2 protein chains.
Amino acid sequence: MAKGDRKWRDRFRKHGLRFTEPRRVILEVLSDTIEHLSAEEIYMKVHKKHPNIGLTTVYRNLYTLERMGIVTKFHFGDGCHRYELIESNKKPDHHHHLVCTGCKRIIDYDDFMDEEIEYIKKVEKALSRKHSFHITDHVIQFYGICKKCKAA
Amino acid sequence: MAKGDRKWRDRFRKHGLRFTEPRRVILEVLSDTIEHLSAEEIYMKVHKKHPNIGLTTVYRNLYTLERMGIVTKFHFGDGCHRYELIESNKKPDHHHHLVCTGCKRIIDYDDFMDEEIEYIKKVEKALSRKHSFHITDHVIQFYGICKKCKAA
DNA sequence: TTTCTTGTTGATAATGATTATCAATAATAA
DNA sequence: TTATTATTGATAATCATTATCAACAAGAAA
Ligand SMILES: [Mn+2]
Ligand SMILES: [Mn+2]
Ligand SMILES: [Zn+2]
Ligand SMILES: [Zn+2]
């Protein structure tokens, strides 16, 4: 087992789960990309090097990874869910999205997070108080037209 | 034709479309609710008084209404889309959402819009500049546990 | 090691939401 | 009236996602 895999192994173990080959490969695919892949797309990448791993297994494990807090599932308005590693060395940790309604490109950003975090904290506090609502998460997405689509 | 319907009629006409009975009924259902209904749920309400109107027609017209800028389609994480009149006398005009992950309740809010609008404007401007991205819309949703679910 | 228990997988079938087809019908224009 | 075009409802089809289930593999117990 590769060195870095030890960490994953332990993490799965803590949940009473096993660190299997399909899981390793799925995590590899997610770690290697900057994109926001759908289950199908992840499956295709997995399939190239490991044609024996099935689509069902991909779906199942994405759900597992979600429950473990390793990946997040998004919905950007095309007909499917898209997955992203929560901690990746290819992306900012917590970030929001710009979604181009033209070409469906998704842009990660975290460069105005100071203001955003401040705002979010404020709103969360006020909303929690007013509606007795315990906020655990949020989704912030801006839709519009990207550079390339504007030019075209 | 009822008085208020004249306005709708004209609005459809401007798009080269006709103000039909199914469309009238769908708009009626959307106007009368405070909820965030799915196509299926809208169909059920429509069906009660007009059993001849089909589900396909509901879907088709929701799409039409969306393109006309009369309704918005949301996705709150359960398996379907939910529709809301953009201008309603039962709801704040532009608003954001609190989504309870326990009971799936959706709470509209617009009571911190001053801060939010200010923040959104700022971020939009900065993002537009930095990524040459023309922002036309946004989605802001807070997820968490509502009052009732907390108590239970 | 052998056995036992339990998590995991892949193939397949099933589901559920949404769309495409298409012939019949209704509204508008000519 | 006639011609044109929009709309509808029934039906079948699609697409993403889940449920089933028997075969398999990892880890624990003996
Ligand atoms: Mn992202
Ligand atoms: Mn709402
Ligand atoms: Zn684009
Ligand atoms: Zn709740």
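By convention in this document, chain letters (A, B, ...) are assigned in the order of the sequence lines, proteins followed by strands, and residues within each chain are numbered from 1. This structure is a prediction, so every number in the text was calculated from the model and none was measured. Heavy-atom basis, side chains included; hydrogens, waters and symmetry copies ignored.
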Got a list of protein N/O to nucleotides 12-14 of chain C N/O distances below 3.5 Å?
unit_1, atom_1, unit_2, atom_2, d
C:dT12, O4, A:T56, OG1, 3.2

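Residue A:P22 places its side chain closer to C:dG10 than to any other of D:dT7, C:dT18, C:dG10.
Here A:N52 does not reach the OP1 or OP2 of C:dA11: none of its side-chain N or O atoms lies under 4.0 Å away. Within the 4.0 Å cut-off from OP1 or OP2 of C:dT19, not a single side-chain nitrogen or oxygen of B:Y59 is found. OP1 or OP2 of D:dT17 lies within a sub-4.0 Å distance of a side-chain N or O belonging to A:H81.
Atom P of nucleotide D:dT7 and atom CG of B:L62 are separated by 15 Å, given to the nearest angstrom. We find that CG of B:L37 is positioned 14 Å from P of C:dA17, with the value rounded to whole Å. Remark: P of C:dT18 and CG of B:L55 are 9 Å apart, rounded to the nearest angstrom. Between the CZ atom of A:R82 and the P atom of D:dC15 there is a distance of 15 Å, given to the nearest Å. A:Y43 has its OH atom 16 Å from the C1' atom of D:dC15, to the nearest Å. Put simply, CG on B:N61 is 15 Å from P on C:dT18, counting in whole angstrom units. Distance CZ (B:R23) to C1' (D:dT8): 10 Å, rounded to an integer number of Å. Atom pair B:I53:CD1 and D:dA10:C1' shows a separation of 15 Å (rounding to whole Å applied).
Between B:Y83 and A:E21, the residue anchored closer to the 5' end of DNA chain C is A:E21, taking for each the nucleotide with the nearest heavy atom.
Taking the charged nitrogens against the carboxylate oxygens, B:K104 and B:D78 have no contact shorter than 4.0 Å, which rules out a salt bridge. Under a 4.0 Å N-O distance rule, the pair A:E28/A:R24 qualifies as a salt bridge.
Using cut-offs of 30° and 60° on the angle between ring planes, the pair A:H94 and A:H96 is perpendicular.
For A:H75, the NE2 atom counts as densely surrounded, since its 6.0 Å shell holds more than 12 non-hydrogen atoms of other residues, nucleotides or ligands. Residue B:K150 qualifies as enclosed at atom NZ: its count of foreign heavy atoms under 6.0 Å is above 12. Heavy atoms from other residues, nucleotides or ligands lying under 6.0 Å from NE2 of A:H134 number 12 at most.
No hydrogens or angles were tested; on distance alone, nothing pairs the side chain of A:R60 with the base of C:dG7 as donor and acceptor under 3.5 Å.
Residue B:F76 is found in a hydrophobic cluster whose other members, listed by chain and number, are A:V139, B:F74, B:V99, B:I106, B:Y143; membership requires side-chain heavy atoms under 4.5 Å apart, directly or through intermediates.
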- Could you encode protein contacts along nucleotides 24-30 of chain D as a string, one character per nucleotide from 5' to 3', using B for base contact, S for sugar-phosphate-only contact and - for no contact, with a heavy-atom cut-off of under 4.0 Å? -BBS---

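Taken from OH in B:Y119 to CD in A:E118, the straight-line distance is 11.5 Å, to the nearest 0.5 Å.
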- Could you walk me through whether B:E116 and B:H138 pass the side chain to side chain donor-acceptor pair (under 3.5 Å) check? CA-CA 12 Å; B:E116 293 198 57; B:H138 62 256; over 6 Å; no

